[in-house]
Student: 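The structure follows.
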4 protein chains.
Amino acid sequence: MTDRSIASEEKRRLILAAAVRVFARSGYHTSRVGDIAEEAGVAHGLLYHYFASKEELLETVFRETWSELLEAFARVEESQEPASEQLRQVAAILLRSWRRDPDLVRVLVREVGRSQTLPSRVEEIGQVFRAIERIVERGQAEGELRGDLEPRLASWIFYGAIEEILTGWVLGQLDDSDEEVAAAERAVVDVVVGGLTVSGTAASRRG
Amino acid sequence: MTDRSIASEEKRRLILAAAVRVFARSGYHTSRVGDIAEEAGVAHGLLYHYFASKEELLETVFRETWSELLEAFARVEESQEPASEQLRQVAAILLRSWRRDPDLVRVLVREVGRSQTLPSRVEEIGQVFRAIERIVERGQAEGELRGDLEPRLASWIFYGAIEEILTGWVLGQLDDSDEEVAAAERAVVDVVVGGLTVSGTAASRRG
Amino acid sequence: MTDRSIASEEKRRLILAAAVRVFARSGYHTSRVGDIAEEAGVAHGLLYHYFASKEELLETVFRETWSELLEAFARVEESQEPASEQLRQVAAILLRSWRRDPDLVRVLVREVGRSQTLPSRVEEIGQVFRAIERIVERGQAEGELRGDLEPRLASWIFYGAIEEILTGWVLGQLDDSDEEVAAAERAVVDVVVGGLTVSGTAASRRG
Amino acid sequence: MTDRSIASEEKRRLILAAAVRVFARSGYHTSRVGDIAEEAGVAHGLLYHYFASKEELLETVFRETWSELLEAFARVEESQEPASEQLRQVAAILLRSWRRDPDLVRVLVREVGRSQTLPSRVEEIGQVFRAIERIVERGQAEGELRGDLEPRLASWIFYGAIEEILTGWVLGQLDDSDEEVAAAERAVVDVVVGGLTVSGTAASRRG
DNA sequence: GATGAATGAGATTTCATTCAT
DNA sequence: AATGAATGAAATCTCATTCAT
């Protein structure tokens with residue numbers, strides 16, 4: 001029974017991984033269930049033993065990735081580091097995912113937030129933003145980050161900067177060599193976190 | 001003849017506008033050509049009198065909007081303002097488009113940069129980034145902006161921050177009242193441009 | 001009024017000739033009304049001033065050609081020549097039409113007798129066969145042609161031989177140089193008429 | 001697996017046979033894929049499981065029939081009979097096919113040589129003609145058939161005579177009772193083969 | 001007569017999903 | 001678990017024909 005579950009779970013993974021590759025290659029709407037089955041080396045009927053629909057495949061990819069991400073962010077939040085360091089770590093987690101699993105990033109960048117924008121999905125995306133938001137809020141409370149910015153907006157700006165760099169890599173428009181990935185990480189932190197930092201704001205200097 | 005051309009052009013616009021509304025409502029892939037025709041109040045066959053395919057409709061929306069955007073950016077570049085002011089203007093152009101034509105923004109945010117990522121489309125997107133890049137480069141050359149950041153990366157960070165705020169509005173996750181739109185504009189400029197500004201960088205202060 | 005009629009008739013001819021060229025090039029079903037209009041250099045709406053439908057275009061081509069053919073055959077029948085000479089003339093008329101108007105032959109060979117086989121069309125085709133039949137019958141009555149063959153069958157055999165040679169030219173499978181056209185004419189007469197002739201049958205000689 | 005293959009092959013045949021009936025009834029272009037599916041008693045989608053397109057259905061009918069025909073002709077060629085007897089057999093094969101499968105003949109007579117006249121199809125038609133040609137050539141070489149006729153032309157004349165009789169049956173213009181089929185066979189052989197035979201030519205008698 | 005915008009029935013094809021084996 | 005034949009809703013696109021101008 002356990003053997004079977006394990007074998008079963010492995011096949012589930014196999015199909016899910018195939019789906020990620022195919023979605024990455026062709027986009028969700030253009031991908032056919034048959035392509036995924038072929039990529040996984042199984043009959044297309046089998047997909048429906050493991051997943052209710054093509055949509056559920058994407059949903060599962062999205063949810064599993066997102067929950068890993070949330071866990072990683074939670075660990076960051078638990079650390080006692082300053083907010084700026086925590087933001088650096090968040091940027092690192094997101095940006096390094098590109099080299100770890102480019103296809104996964106391709107799928108998430110392309111398909112999440114768009115298409116039907118299912119409320120459930122929006123809700124989960126919101127959790128990521130709220131994690132960043134909380135870091136910003138704490139930074140502000142502790143006087144590390146400037147207090148005249150809505151943490152909400154700040155978190156979207158921060159996340160957007162990171163996602164766009166990922167998009168640049170996905171589109172092949174930005175160099176994604178090791179050094180460039182590191183440079184991107186530094187750049188995001190320098191610019192956004194720098195811009196968020198107390199003594200580092202244009203506003204403060206203007207005032 | 002001119003009358004006819006004008007009437008013809010008006011109908012073309014009518015269909016294009018309907019397409020934007022329908023794509024905004026349902027997303028490109030989920031929208032049906034028949035829905036667009038119905039929204040425009042014409043027979044679906046007529047669409048093919050003006051556009052070669054459903055794809056060409058999206059392509060046209062994209063291209064026309066993008067070229068207007070490029071023109072607006074060109075005008076900004078021509079002004080003799082400091083780089084930071086030019087960047088503020090760029091942010092204003094992009095962010096204010098939301099209130100002007102939410103459906104258009106919805107379509108562009110959801111469908112551009114994703115889907116098939118046609119090389120031609122990537123190329124045109126690239127032009128927008130290069131405009132921002134040039135502003136950053138000039139700002140660096142004139143000592144207004146910090147010189148230790150790749151203008152390329154900076155432009156992606158800047159654009160990403162803006163696009164994510166638009167996405168927040170599209171998803172109904174960020175408040176888009178007049179005040180909030182103004183706040184968003186200030187926030188992007190404060191954070192990103194602030195972070196880019198010479199005396200305002202964490203790095204410079206750390207170093 | 002007469003001027004107008006003449007100009008009108010000329011335009012009708014123009015369209016009809018364009019239709020023949022287009023049908024010859026693409027086949028009736030694959031040809032589009034718009035192609036014919038373009039070939040004729042008029043708006044496609046104009047076709048419907050002169051012809052009720054695409055079908056009527058083909059029908060007209062067919063009917064006009066066929067009636068010319070019948071007239072030519074009638075003149076042959078009226079001559080006082082022996083049946084074998086009349087058959088030679090019939091073969092000549094049909095085979096020489098290829099060089100005179102290849103597109104017309106292409107259309108007739110491809111589209112007539114096949115497709116919907118409208119009863120009206122079948123009836124008119126029948127008239128051609130009956131003309132040949134009458135020649136054979138007279139030849140038999142006068143003892144010039146062997147009497148043990150149904151004139152009906154003989155006429156189909158004769159016509160089939162000729163049509164197939166035309167088909168060979170249409171398909172580019174038989175050489176259609178001047179000499180070959182002449183050779184084909186001789187061959188059909190030699191073989192079929194020779195085979196039909198009294199003393200010239202294998203059967204009679206074998207017996 | 002074999003069971004499945006056999007069942008699968010049977011269904012393929014079922015669809016192909018239905019296609020022949022429908023094409024025979026309405027002609028290729030006028031037939032709808034849905035009609036074929038209905039005639040076969042399957043969902044129309046299933047057609048695309050077995051055939052790539054409506055066109056491929058016709059192509060398959062054509063190719064399979066043609067290759068059977070070629071095999072039959074090959075067997076005739078292998079026999080040691082005189083050329084005239086071999087030609088009789090060829091005529092018999094072709095003409096008897098009408099009673100065996102009228103719908104198939106209807107389709108072949110109507111649709112072959114028309115439509116796009118695909119080069120591939122022309123090529124296969126050519127093989128049939130070459131088989132006849134070889135028989136004629138051998139008959140000439142052995143002195144059985146008159147040598148002053150191009151075998152090429154002779155084969156087209158022979159085939160045309162036969163096809164036209166088939167056409168007469170298809171159009172309901174020639175009687176196709178058992179006796180008439182036999183008579184047609186005799187007539188073709190008498191006339192064409194008679195005309196081809198050495199001492200039996202009008203030309204030779206004239207000269 | 002002439003134009004071409006407009007119509008809309010209809011055709012092929014795709015493909016997610018089901019289900020008998 | 002696994003297969004792949006079978007289904008059928010649905011979507012895009014074509015094109016003959018009409019008709020206002």
Side-chain angles (χ1 to χ4, degrees), chain A residues 4 7-8 11-12 29-37 40-57, chain B residues 1 3-5 7-8 10-12 15 29-37 40-57, chain C residues 4-5 7-8 11-12 29-38 40-57, chain D residues 1 3-5 7-8 10-12 15 29-37 40-57:
Chain A
R4 178 165 294 172
S8 195
K11 190 143 286 185
R12 211 187 95 99
H29 278 104
T30 315
S31 300
R32 285 162 306 172
V33 169
D35 293 340
I36 298 169
V42 300
H44 64 272
L46 190 57
L47 264 66
Y48 291 88
H49 266 278
Y50 294 97
F51 302 93
S53 65
K54 180 184 164 187
E55 166 94 38
E56 199 189 85
L57 274 167
Chain B
M1 188 62 189
D3 278 5
R4 177 160 297 169
S5 306
S8 199
E10 263 171 27
K11 185 123 319 170
R12 210 188 97 101
I15 291 169
H29 278 104
T30 315
S31 301
R32 285 161 303 171
V33 169
D35 293 341
I36 299 171
V42 300
H44 69 270
L46 190 59
L47 264 66
Y48 293 89
H49 201 76
Y50 291 97
F51 303 94
S53 63
K54 180 185 162 185
E55 165 97 38
E56 201 187 87
L57 275 168
Chain C
R4 178 166 293 173
S5 307
S8 194
K11 191 143 286 186
R12 210 187 96 100
H29 278 103
T30 314
S31 299
R32 285 162 304 173
V33 170
D35 293 340
I36 298 169
E38 195 185 10
V42 300
H44 64 272
L46 190 57
L47 264 67
Y48 291 88
H49 265 279
Y50 294 96
F51 302 94
S53 65
K54 179 183 165 187
E55 166 93 40
E56 200 188 85
L57 275 167
Chain D
M1 187 61 186
D3 278 5
R4 178 159 298 170
S5 307
S8 199
E10 264 170 27
K11 184 123 320 171
R12 208 186 98 101
I15 292 168
H29 279 103
T30 315
S31 301
R32 285 161 305 172
V33 169
D35 294 341
I36 299 170
V42 301
H44 66 271
L46 190 58
L47 263 67
Y48 292 90
H49 202 75
Y50 292 97
F51 302 93
S53 64
K54 179 184 164 187
E55 165 97 38
E56 199 188 86
L57 274 168

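Quantities reported herein were computed from a predicted structural model and do not represent experimental measurements. Below, chain A is the first sequence line, B the second, and so on; all start at residue 1.
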Student: Side chain of K11(A), heavy atoms from C-beta onward: which of dT13(E), dT17(F), dA2(F) has the nearest atom to it?
Tutor: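 Minimum distance to the K11(A) side chain belongs to dA2(F).
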Student: Passes side-chain contact (heavy atoms from CB on, under 4.5 Å), K11(D) versus S8(D)? Steps please.
Tutor: CA-CA 5 Å; K11(D) 184 123 320 171; S8(D) 199; 5.9 Å; no
Student: Counting side-chain heavy atoms from CB outward, which of dT7(F), dA2(E), dA1(F) is closest to V42(D)?
Tutor: dT7(F)
Student: Output the rounded distance in Å from CZ (F51(C)) to P (dT17(F)).
Tutor: 13 Å
Student: Looking at S8(A), I'd like to know whether one of its side-chain N or O atoms comes within less than 4.0 Å of OP1 or OP2 on dA1(F).
Tutor: yes
Student: Which heavy atom of K54(D) sits nearest to which heavy atom of H29(D), and what is that distance?
Tutor: NZ-O, 3.6 Å
Student: Give the minimum heavy-atom separation between R12(A) and Y50(A), together with the two atoms involved.
Tutor: CG-CD2, 3.7 Å
Student: Taking all heavy atoms of A37(A) and all of A43(A), pick out the closest pair and write down the distance.
Tutor: CB-C, 3.9 Å
Student: Would you please name every residue forming a salt bridge (charged side-chain N to carboxylate O under 4.0 Å, His left out) with R32(D), sequence neighbours left out?
Tutor: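 Per chain and number, R32(D) pairs via salt bridge (charged side-chain N to carboxylate O under 4.0 Å, His left out) with D35(D).
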Student: Can you tell which of dA1(F), dT12(E), dT18(F) lies closest to the side chain of R32(D)?
Tutor: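 Nearest listed nucleotide: dT12(E).
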Student: In whole angstroms, how far is the P atom of dC15(F) from the CG atom of L47(C)?
Tutor: 15 Å
Student: For H29(A) and dA11(F), what is the distance between atoms NE2 and P respectively, to the nearest whole Å?
Tutor: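 That distance rounds to 12 Å.
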Student: Hey, which of these two, G45(B) or A43(C), hits DNA chain E nearer its 5' end, going by closest nucleotide?
Tutor: A43(C)
Student: Can you find a donor-acceptor pair, distance only, under 3.5 Å between H44(B) side chain and dA6(E) base?
Tutor: no
Student: Return one dot-bracket line describing DNA chain F 5' to 3' (Watson-Crick or G-U wobble pairs, both distances under 3.5 Å; ( ) same strand, [ ] crossing, | another strand, . none).
Tutor: .||||||||||||||||||||
Student: dC19(F) P sits how many Å from H49(C) NE2, rounded?
Tutor: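 My rounded result for the distance is 12 Å.
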Student: What is the distance, rounded to the nearest whole Å, between atom CD1 of I36(C) and atom C1' of dC15(F)?
Tutor: 12 Å
Student: If I compare all heavy atoms of G34(A) with all of H44(A), which pair ends up nearest, and what's the gap?
Tutor: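 Taking every non-hydrogen atom into account, CA-CB, 4.3 Å.
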Student: Between dA6(F) and Y50(D), is there an OP1 or OP2 to side-chain N/O distance shorter than 4.0 Å?
Tutor: yes
Student: Whole angstrom is fine here: how far is it from NZ in K54(B) over to P in dC13(F)?
Tutor: 8 Å
Student: Using heavy atoms to find the nearest nucleotide of DNA chain F for G34(B) and G41(A) separately, return the residue whose nucleotide is more 5′.
Tutor: G41(A)
Student: Whole Å only: how far is the CD atom of E56(D) from the C1' atom of dT13(E)?
Tutor: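 Atom-to-atom, E56(D) to dT13(E), this comes out as 14 Å.
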Student: Could you give the CG-to-C1' distance, from L46(B) to dT12(F), as a whole number of Å?
Tutor: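 So the two atoms are 16 Å apart, to the nearest Å.
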Student: Which nucleotide in the list dA2(F), dT17(F), dG4(E) gets nearest to the side chain of Y48(C)?
Tutor: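 The answer is dT17(F).
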Student: So, for I15(D) and I36(D), which heavy atoms are closest and what is the spacing to 0.1 Å?
Tutor: O-CG2, 4.1 Å
Student: Taking the minimum atom-to-atom distance to the side chain of S53(D), which one of dA16(E), dT13(E), dA16(F) wins?
Tutor: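 For the S53(D) side chain, the nearest candidate turns out to be dT13(E).
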